[in-house]
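Excluded from the calculations below are hydrogen atoms, water molecules and symmetry mates; all remaining heavy atoms, backbone and side chain alike, are included.
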There are 2 protein chains.
Amino acid sequence: MTSSLTACELEVMQILWEHGELKPAQIQEKHPRPIKNAALRFQLKILLQKGHISRRKVGKAYYYQAVTAKKGALKKMARHLAQVYCQGSTVGLIAELIKTEKLSPQDLRQLQRLAESKDEA
Amino acid sequence: MTSSLTACELEVMQILWEHGELKPAQIQEKHPRPIKNAALRFQLKILLQKGHISRRKVGKAYYYQAVTAKKGALKKMARHLAQVYCQGSTVGLIAELIKTEKLSPQDLRQLQRLAESKDEA
DNA sequence: GAAAAAGTGTAGATTTTTCTACATATGAGC
DNA sequence: GCTCATATGTAGAAAAATCTACACTTTTTC
C-alpha cells in the first residue's frame, strides 16, 4: 500500500534519508522536537506497517532504515500538487514555480541548461 | 494563523477555487466523494475559522468563497516540499522535477523559453 | 549470577479530525 | 399567517493520529 506520509512520519523519514540506518535512540536525538522514546517508536511502528521503512536486529537493538526512497516520495508529492493545483499537469506545475518563485539569474540559467540538455537526450 | 490545509479541507478549497461562490448544497454536489451535508458544512466551518474562506448571506443561505488564493496555497506547499526534500532550495526542487518527470520535447522547450524570458526581465 | 543499562512491547489516554443525527430557523407560495 | 422545502446550528459519536506510562527482555559489567 505504502500510503502517504503524515507530518510526524515525515519528520522521521527525513532523518533516515539523511543518516541511513539508525536505532530509535539515535533518531530520537536527531528529532526536530523533543519526543519521548516510546512516542518515536510508535511512529516507527506505523512506518513499518506502511512499508516505508525496514528494520534488522543488531545486538539487542533494532536498526531502522528507509525503504521508500526520498526521490520517490518527492515525485509522489509533486504529482499530488500538480493534481490539486494544475489539473494534473506536471509541466504546468513546473512552469508555475518558475513564474512565481524568486530565482536568481544564475538559477534561471541553470534551469535553462537543464531543460536544454534533457531535450537533446 | 491561516494554518495549513488537511486533505479533506483541500477537497473543498479545490471546488471553491474552480467555481467561485457557492452554497453548501452546491459544493456537496460537486464533492469528489459522497459527503453528507452536515459533514461538508463542518469542513466549511473549520475553513472559516482558519480564515481560508469567507461567507455572506444571500436570501436564507450562506454563500462561501475562497479567501486563500490558489496560487498562494501552491506556493506554500512548494516551499514546504523544497524544505523537506531539497534543503529548502526552490531551484533545487524545480531542477529535480525537470530531471525526474516525464516531459515532452515541447514541454522542455516551453520551460526553456520561460526561464529565458524571466531571466531577461 | 545479580544489578544496572539499554532496549523492546503494549495497553490505555489524549488530541485532532471527521461524521451523524436531530432540533431549529427562514423564506416562498398559497 | 400556514405550510413546506431548504437552510442553518450544534451536541455528541466515531475514527485516526499521537503520546504516556509501565512492565518485560536482553546485554554488559562487575
Q: Determine yes or no for a side-chain-to-main-chain donor-acceptor pair under 3.5 angstrom, with A:D119 supplying the side chain and A:E116 the backbone.
A: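 No, A:D119 side chain to A:E116 backbone: no donor-acceptor pair under 3.5 Å.
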
Q: Short of 4.0 Å, heavy atom to strand atom, which residues of residues 38-47 of chain B count as contacting DNA chain C?
A: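 Here the set is B:A38, B:A39, B:F42, B:Q43.
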
Q: Just by distance, do the side chain of A:E29 and the backbone of A:Q26 share a donor-acceptor pair under 3.5 Å?
A: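 It does not hold such a pair.
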
Q: Quick check: does any side chain N or O of B:W17 sit under 3.5 Å from a backbone N or O of B:K71, one acting as donor and the other as acceptor?
A: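 No; zero donor-acceptor contacts below 3.5 Å.
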
Q: What pairs of nitrogen or oxygen atoms, one from the protein and one from nucleotides 27-30 of chain C, lie under 3.5 Å apart?
A:
none

Q: A:E11 versus A:R33: any side-chain heavy-atom pair under 4.5 Å?
A: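 Yes, close enough: below the 4.5 Å cut-off.
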
Q: By nearest heavy atom, map A:A7 and B:Y64 onto DNA chain D; which one lands nearer the 5' end?
A: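 On the 5' side of the pair lies B:Y64.
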
Q: Side-chain atoms of residues 78-90 of chain A: list all donor-acceptor pairs with protein atoms under 3.5 Å, sequence neighbours left out, distances to 0.1 Å.
A:
from  : atom 1 : to     : atom 2 : distance (Å)
A:R79 : NE     : B:E101 : OE1    : 3.2
A:R79 : NH2    : B:E101 : OE1    : 3.2
A:S89 : OG     : A:G92  : N      : 2.8

Q: What nucleotide, of C:dT18, C:dT20, D:dG9, holds the atom closest to the side chain of B:C8?
A: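 Shortest atom-to-atom distance from the side chain points to C:dT18.
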
Q: Just by distance, do the side chain of A:K118 and the backbone of B:L108 share a donor-acceptor pair under 3.5 Å?
A: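 Looks like no, no N/O pair under 3.5 Å.
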
Q: Just by distance, no angles: are the side chains of B:R56 and B:Y63 close enough, under 3.5 Å, to form a donor-acceptor pair?
A: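 Not at all, the side chains of B:R56 and B:Y63 share no donor-acceptor pair under 3.5 Å.
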
Q: Tell me the interatomic distance from A:L10, atom CG, to D:dT18, atom P, rounded to whole angstroms.
A: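 Taking CG of A:L10 and P of D:dT18, I get 11 Å after rounding.
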
Q: Apply salt bridge (Lys or Arg N to Asp or Glu O under 4.0 Å) to residues B:E18 and B:K30 and explain how you reach the verdict.
A: CA-CA 11 Å; B:E18 186 173 356; B:K30 297 182 195 307; over 6 Å; no

